[in-house]
Each structure stands twice: as structure tokens, then as C-alpha cells.
Amino acid sequence: MSSTEKSPDFVREIIAAEIASGQWDGRVVTRFPPEPNGYLHIGHAKAICLDFGVAAEFGGRCHLRFDDTNPTKEQVEYVESIKEDIRWLGFDWGEHLYYASDYFEQLYQWAVELIQKGLAYVDDLSADEIREYRGTLTEPGRESPYRNRSVEENLDLFARMRAGEFPDGSRVLRAKIDMASPNLNLRDPVMYRIRHATHHRTGDAWCIYPMYDWAHGQSDSIEGITHSLCTMEYEDHRPLYDWFLDALGIHHPRQIEFARLNLSHTVMSKRKLLQLVNEGIVTGWDDPRMPTLSGLRRRGYTPASIREFCDRIGVGKTQNLIAVELLEHCVREDLNKRAPRVMAVLHPLHVIIENYPEDQVEELDAVNNPEDASMGTRKVPFTRELWIEQDDWREHPPTKYFRLSPGAEVRLRYGYIIKCVGVVKNERGEIVQVRCTYDPATRGGATDRKVKGTIHWVSARYALPAEVRLYDHLFLTPKPDEDENWQAQVNPNSLERLTNCYVEPALANAAPLAHFQFERTGYFNVDPDSAAGRLVFNRTVSLRDTWSKIEKKEARSGG
RNA sequence: UGGGAGAUGGUGCAAUGGUAGCACGACUGACUCUGGAUCAGUUAAUCGUGGUUCGAAUCCACGUCUCCCAGCCA
């Protein structure tokens with residue numbers, strides 16, 4: 001094994017061993033089974049990369065199957081977004097798009113079969129009574145008084161449940177397993193409940209709907225799935241998964257559980273994400289601060305960076321909390337290679353170059369991406385009046401500050417070396433203008449003069465106004481979930497809108513979602529809110545900032 | 001006080017009875033027309049106690065701690 005090669009995770013090890021021993025006829029079929037009750041998030045990306053990745057590596061296939069067994073929570077809007085997000089992430093289910101609802105009739109027939117075998121019964125207990133009869137974690141449950149109805153009566157009642165003769169909640173179909181099992185999932189689990197609700201695909205054809213446990217394994221079986229990969233909380237369900245398949249004597253996939261992804265400074269449960277949306281804490285499922293795939297996409301994350309992230313976090317069984325910094329690292333790494341560089345001033349400060357001719361304009365050559373010469377160069381207009389970053393000028397520079405200050409010199413990126421010769425302040429004593437002179441012999445950096453700092457700039461005459469949205473972690477603490485009052489952890493400053501920014505003219509026609517590096521600042525993309533004449537950018541992630549660390553350290557040591 | 005699953009640097013993942021390694025982070029330094037990138041280096045870990053063994057992160061025993069399960073959700 002070469003040192004760069006990653007060792008396979010335990011899931012791939014298991015599958016490889018089975019295939020090597022001749023199981024499954026060498027076929028590997030997996031599935032990604034989302035419920036269309038919300039948008040996909042980065043945690044789903046881990047599962048998608050595993051499900052589709054494993055299938056591809058073993059020459060098999062991966063199905064996309066919507067687990068749509070609960071009409072009251074599901075919507076077509078969600079199925080469309082899920083399909084879009086999976087495609088965007090870079091995976092393809094080909095012909096293999098399925099819905100659990102396609103199997104409702106087969107599931108019904110199999111339920112009838114279990115009734116006939118004496119393995120299922122109709123229960124008239126109410127939901128509350130069923131809970132009461134179920135017992136507790138430490139005490140066994142009790143058998144329902146309806147548990148020993150005749151096969152005929154069960155068949156009749158079940159048929160009438162389907163026919164709509166009974167109101168919601170009046171009866172359920174249960175598997176007859178073991179009310180004393182230490183595994184609660186085996187205490188006669190509910191298979192069907194009555195719900196007179198319109199389903200987004202089957203309409204009003206059904207008023208009884210299968211529960212997850214009853215639908216999932218059998219759907220896997222119908223599709224010939226070999227490996228049903230799911231998260232750890234389903235481990236306790238595996239005995240039930242196996243029980244149904246064995247009772248029916250049908251194709252029996254292997255369920256393997258892995259640990260779900262937890263990411264720092266965010267929440268991942270669909271319930272909580274929905275709450276953030278509904279309560280207006282974010283602007284929608286695709287708010288750039290959300291850990292949803294649509295949010296990450298709008299934020300400027302690339303599919304490759306998310307796939308790389310999923311690859312790096314690995315697949316195991318231990319509960320984890322991945323630092324969001326790793327995700328940020330992955331997107332920087334990817335964007336460093338592909339994002340064109342451009343200059344943009346976020347907090348503008350006016351600079352006048354006193355000895356530069358008023359009417360002169362020079363077109364300076366700028367490199368589009370130093371990491372990739374094939375991306376070429378562009379022209380950037382240089383004029384007497386410029387905008388520079390407020391932070392690139394200090395009246396009283398701290399030590400190790402390499403930028404502009406009274407009497408100091410800096411290089412303007414791709415331009416000239418300038419020297420600060422004065423400032424203009426307003427009545428309140430605020431600096432409104434920095435006066436400089438330039439050295440005409442240093443155009444394009446053509447000099448061996450040593451200047452420590454290089455700063456970015458835009459021409460005041462040619463720059464385009466823009467809005468820039470800066471984002472920070474949605475939550476203040478790494479693990480907001482662990483607090484009952486998780487919403488109190490929301491970061492009130494997770495969004496900062498800068499409406500007075502200037503970008504270089506090359507950005508005039510930037511396409512929505514296009515990625516850029518604003519030199520020395522960070523990676524940004526064009527927000528869909530952007531329009532001609534009203535450019536809007538999102539900061540995907542800042543550049544690594546060594547200076548801010550130095551500054552903090554100096555401040556700490558009293559320097 | 002039921003059942004299930006886990007525990008390796010700050011974080012995540014390896015090592016499958018034989019030198020505890022990789023990545024992120026943090027910290028040094030080199031280089032640089034981005035205080036970016038790149039390069040070199042440093043830091044830092046086997047939950048505890050016993051046992052088996054020439055040798056234990058790995059096997060055994062007993063503890064400890066964490067997570068999941070009492071939906072007619074998935």
C-alpha cells in the first residue's frame with residue numbers, strides 16, 4: 001500500500017470480504033433512501049458519497065428511492081430539491097429512481113400474507129394504550145387483548161381498514177413478535193396506521209400507510225439491494241428488518257450501520273433546520289448559512305469540495321463532531337485551484353495619487369490565477385483616484401504592519417509603489433482621504449526595490465459598486481445541540497451586509513454562482529440576488545489570515 | 001437498576017499481536033507583487049485496573065464514561 005492510499009473503511013471492508021467469498025454473485029446494489037420531508041444537508045452528503053461511492057467502486061449501482069410513507073410530512077417540492085442536490089453533488093442514479101409508494105400494493109399483499117401466517121394482527125387499542133402496553137425500557141410490555149384474533153377476523157378488518165371504513169387512529173396492523181423483548185422494536189411493532197390524507201404521488205388511493213420498518217426492508221428486497229447502509233440509530237431496528245424478511249422468505253439484503261456526521265457550529269436535524277426556516281432565523285432552506293446542500297451551493301461551496309470533505313472525514317461507528325474548519329479547508333483547497341483572482345474593496349478608503357496625471361488611464365496586466373497559467377491575464381484600469389481597503393491604512397501602525405501609514409510605502413498589486421504623503425480628515429477627525437505619490441519607474445512591480453507590503457485596489461472612476469455579504473458561523477458554540485435551548489446559541493452576527501463595496505470592472509457580467517477570489521480577502525461567489533448594475537456577492541470563506549494572528553498575538557503581549 | 005453501540009493527540013481517521021501513522025487545527029521558519037498558495041519543521045494520543053504473551057491500541061476480565069431506543073416519524 002502506498003503511503004498516500006487511504007485504507008478502506010469498515011463498510012467497504014465488509015463488502016469486499018463478502019464479494020471475495022462469492023456472496024451476492026459479486027453484485028453490489030446500494031440505495032440512498034431520503035424521505036422527501038425537507039432539504040438535503042451535509043450529513044446526507046456523507047451518506048450519498050458512501051452509497052454511490054461504494055456502488056461505483058464495486059462495479060454495482062445505487063438507487064435513489066424516496067421513502068415516502070408519511071403523506072402528512074412530504075411534498076413534491078422536497079423530492080425535486082433532493083434530486084437537484086444529488087445531481088449537483090455529482091452522482092447519477094440512472095434509470096434507478098424509485099418510490100416506496102410504488103410498492104404499496106405489494107406491501108399490502110405481503111401484510112396479508114403475514115396475517116395468514118399468524119404473524120400480524122389488527123389492534124384496536126388507541127395510540128395511548130399501545131404506548132402503555134408497550135412497557136418501559138426496564139419492564140416488559142403486555143399483550144394487547146386483540147392480539148389473538150382469528151386470521152379471518154384480521155383479514156376482514158385489515159381489508160376494511162384499506163377500504164376506508166375506519167377513522168384515523170382507530171386501528172393499526174401490528175406484527176406479532178414478542179411483547180417481552182428487551183428490544184422495544186420487537187414488541188409488536190406497528191406496520192400500518194390509518195391516515196385519510198392525500199399522498200403527493202398516490203393521491204387518495206390509500207388511507208392506510210406503512211410504517212418505516214415495514215416499508216424499508218421490503219423495498220430494499222424488491223429492488224434487489226445487497227447492502228442497505230444506514231446510520232447507527234437504526235442498529236436496534238436491524239433485528240426487525242431481518243425478522244420481516246425472514247418471515248416472508250424473500251431476498252434479504254444486509255443492513256450495515258455507520259455513524260452520522262455531526263458538524264461543529266451548526267445543527268443538522270431536519271426538524272431544527274425547518275424551525276430555523278419557519279421562524280425566519282434564516283431566509284430559507286438555501287440561506288448561505290445553512291448546512292443544507294442548497295445553502296452550501298449558494299454560499300459558493302463546490303461539489304468537489306464537499307466530496308473531498310466526505311472522503312476525509314471517513315466512515316466509522318464512533319460518534320463524532322467534525323470541526324467546520326475542515327470543510328472550510330476543503331473549499332479553500334478546491335477554489336484555490338479554480339477561482340479567478342480579482343480585486344475588490346470591501347471597506348473603501350479614498351486615495352489620491354498627487355503626481356499621477358488627472359486624465360491618464362493605464363491598462364495594467366493582471367494574472368487571473370497564479371496556480372493555473374492557462375487561465376490567462378486581464379487588464380485592470382489604473383487612475384489617479386483609487387479605493388483601497390480601510391484596513392490597509394493606519395495612522396499609527398503597529399509593529400510588523402507592512403501596509404500604508406504616514407511616510408510609508410506599499411506596492412499596489414500589479415501597479416506602482418506609492419508613498420503616503422498626507423491625509424485629509426473631516427470635522428470629526430476621521431480620515432476621509434489618503435494623499436500619496438507614486439514612483440513611475442515601478443509600474444507592474446518592475447523594480448528590485450524592497451517593499452514589504454502589497455495591497456489591492458480599484459480605480460475610483462471605473463470600479464463597480466457592489467453589495468457583499470459576509471457570513472460567520474450560524475451558531476456561537478461548537479455544539480448548540482447539547483443545549484436544550486439551542487436557539488439561544490444562534491450567532492446574532494452570522495450575516496454582515498456591506499453595501500458600499502467596489503469591485504473591478506471585469507466583474508460586470510459575472511454569472512450567478514460564479515466563483516472568484518477577491519485577492520487578500522477570500523473566496524466569493526455571485527449570489528442569485530445579483531443583477532446587472534446591482535452586483536451581490538457572498539463570501540464563501542475567507543483566506544487564511546496570518547496577519548490577524550500576528551495582530552492578536554502582539555495585542556496579547558502588549559505590543 | 002433492560003437492550004444496542006462506542007471510547008487512539010484539540011478534532012477526525014489509520015495501525016487487524018511486532019517502530020502508534022495521516023489529515024485538519026495550533027506553533028516555528030523559508031519563500032512570495034495576495035500577510036494567499038507552496039515548502040520545511042515543531043507540538044500533541046491508545047478511558048482505567050488487572051490478566052494472557054517474548055511482545056497488547058489490538059486478545060481476556062472487571063470497571064468508568066459517551067451515544068441510541070419506550071412515534072400510529074423516518
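Residue numbers begin at 1 in each chain, while the letters A, B, ... track the order of the sequences. Computed from a predicted model, the values in this text were never measured in an experiment.
Between the side chain of A:Asp236 and the base of B:rG3 there is at least one donor-acceptor pair of N/O atoms closer than 3.5 Å.
Nucleotide B:rG55 carries an anti base; the chi torsion (O4'-C1'-N9-C4 or O4'-C1'-N1-C2) is more than 90° from 0.
When the C1' atom is compared between B:rG29 and B:rA7, the two are found 37 Å apart, to the nearest whole Å. Comparing the C1' positions of B:rC54 and B:rG48 gives a spacing of 26 Å, expressed to the nearest Å. A gap of 23 Å separates the C1' atoms of B:rA26 and B:rU34, to the nearest Å. Remark: the separation of the C1' atoms in B:rA23 and B:rA61 is 36 Å, to the nearest Å. Of the P atoms belonging to B:rC39 and B:rA74, the separation is 50 Å, rounded to the nearest Å. B:rG50 sits 39 Å from B:rC27 when the P atoms are compared, rounded to a whole Å. Rounded to a whole angstrom, the distance from the C1' atom of B:rU43 to that of B:rU11 is 15 Å. Here, B:rA20 and B:rG63 have their C1' atoms 25 Å apart, quoted to the whole Å.
A distance of 5.0 Å separates CZ in A:Phe66 from CD1 in A:Ile82, rounded to the nearest 0.5 Å. Taken to the nearest 0.5 Å, the CG atom of A:Asn278 stands 8.0 Å off from the CD atom of A:Gln275.
The nearest whole Å value for the distance from the CG atom in A:Asp242 to the P atom in B:rG4 is 15 Å. Between A:Gln517 atom CD and B:rA37 atom P the separation is 9 Å, expressed in whole Å. Put simply, CZ on A:Arg12 is 11 Å from P on B:rA14, counting in whole angstrom units. Going from atom NE2 of A:His265 over to atom P of B:rU11 covers 13 Å, rounded to whole Å.
Base pairing analysis places B:rA7 opposite B:rU64; the two distances defining the Watson-Crick or G-U wobble pair are each below 3.5 Å. Across every strand in view, B:rG2 sits in a pair with B:rC69 that passes the Watson-Crick or G-U test at under 3.5 angstrom. Pairing partner, B:rU34: none, since no Watson-Crick or wobble contact has both distances short of 3.5 Å. Within the shown strands, B:rG51 is the pairing partner of B:rC59 under the Watson-Crick or G-U definition, both distances less than 3.5 Å. Across every strand in view, B:rG29 sits in a pair with B:rC39 that passes the Watson-Crick or G-U test at under 3.5 angstrom. Remark: B:rC22 base-pairs with B:rG12; criterion is Watson-Crick or G-U wobble with both hydrogen-bond distances under 3.5 Å. Nucleotide B:rA74 forms no Watson-Crick or G-U wobble pair with any nucleotide shown, as no partner meets the under 3.5 Å limit on both distances.
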Evaluate A:Lys379 against A:Glu363 for salt bridge (charged side-chain N to carboxylate O under 4.0 Å, His left out), listing each step before the verdict. CA-CA 5 Å; A:Lys379 299 287 188 185; A:Glu363 295 284 319; over 6 Å; no

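A:Arg341 comes within 4.0 angstrom of a nucleotide base, judged by non-hydrogen atoms across all strands. In this structure, A:His237 reaches the bases: a heavy-atom distance under 4.0 Å links it to at least one base atom across the strands shown. In this structure, A:Glu74 reaches neither bases nor backbone, as no heavy-atom distance under 4.0 Å exists between it and the strands shown. Within 4.0 Å (heavy atoms only), A:Pro370 reaches at least one base atom of the nucleic acid. A:Tyr209 comes within 4.0 angstrom of nothing in the nucleic acid, heavy atoms only. Residue contacts for A:Tyr401: at a heavy-atom cut-off of 4.0 Å it reaches a base atom on one of the strands shown.
Judged by distance alone, with hydrogens and angles left aside, the side-chain atoms of A:Asp334 form no donor-acceptor pair with the main-chain N or O of A:Ala304 at under 3.5 Å.
Between A:Met232 and A:Gln319, the residue anchored closer to the 5' end of RNA chain B is A:Met232, taking for each the nucleotide with the nearest heavy atom. Along RNA chain B, the nucleotide nearest A:Glu235 and the nucleotide nearest A:Asn320 are compared for position; the residue whose nucleotide lies closer to the 5' end is A:Glu235.
Proximity of A:Lys549 to the phosphate of B:rC27: a side-chain N or O atom is located under 4.0 Å from OP1 or OP2. For the OP1/OP2 pair of B:rG36 and a distance below 4.0 Å, the side-chain nitrogens and oxygens of A:Thr546 include at least one atom meeting the criterion. Within the structure, a side-chain polar atom (N or O) of A:Thr318 is placed less than 4.0 Å from OP1 or OP2 of B:rC13. Distances shorter than 4.0 Å separate some side-chain N or O of A:Lys553 from OP1 or OP2 on B:rU28. A sub-4.0 Å separation between OP1 or OP2 of B:rG35 and a side-chain N or O of A:Arg403 is absent.
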Would you list the protein and nucleotides 70-73 of chain B atom pairs, both N or O, that sit under 3.5 Å from each other?
unit_1, atom_1, unit_2, atom_2, d
B:rA70, O2', A:Arg134, NE, 3.3
B:rG71, OP2, A:Arg131, NE, 3.3
B:rG71, OP2, A:Arg134, NH2, 3.1
B:rC72, OP1, A:Arg134, NH2, 3.3
B:rC72, OP2, A:Arg134, NH1, 3.2
B:rC72, N3, A:Gly169, O, 3.4
B:rC72, N4, A:Leu125, O, 3.0
B:rC72, N4, A:Ala127, N, 3.0
B:rC72, N4, A:Gly169, O, 3.0
B:rC73, OP1, A:Arg195, NH2, 3.0
B:rC73, OP2, A:Arg193, NE, 3.0
B:rC73, OP2, A:Arg193, NH2, 2.8
B:rC73, OP2, A:Arg195, NH2, 2.3
B:rC73, O3', A:Arg193, NH2, 3.2
B:rC73, O2', A:Asn70, ND2, 3.1

Protein N or O to nucleotides 38-47 of chain B N or O, pairs below 3.5 Å:
none

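In the model, A:His63 has a side-chain atom that pairs as donor or acceptor with a side-chain atom of A:Glu223 under 3.5 Å.
Set against B:rG25, B:rU34, B:rG35, the side chain of A:Phe402 has B:rG35 as its closest nucleotide. If you check B:rA14, B:rG12, B:rG2 against the side chain of A:Asp9, the one that comes closest is B:rA14.
The aromatic rings of A:His199 and A:Tyr209 sit parallel to each other, their planes meeting at less than 30°, with 60° as the upper class boundary. Taking the six-membered ring for Trp and thresholds of 30 and 60 degrees, A:Tyr241 and A:His216 have ring planes inclined between 30 and 60 degrees apart. Using the six-membered ring where Trp is involved, A:Phe104 and A:Trp206 have ring planes that are perpendicular, over 60° apart on the 30 and 60° scheme.
Under the side-chain contact (heavy atoms from CB on, under 4.5 Å) test applied with A:Ile455, the options A:Glu519, A:Arg520, A:Glu389, A:Arg413 reduce to a single match, A:Arg520.
A:Tyr416 and A:Asp439 make their closest contact through CD2-O, 3.4 Å (heavy atoms, listed as atom of the first residue, atom of the second, distance).
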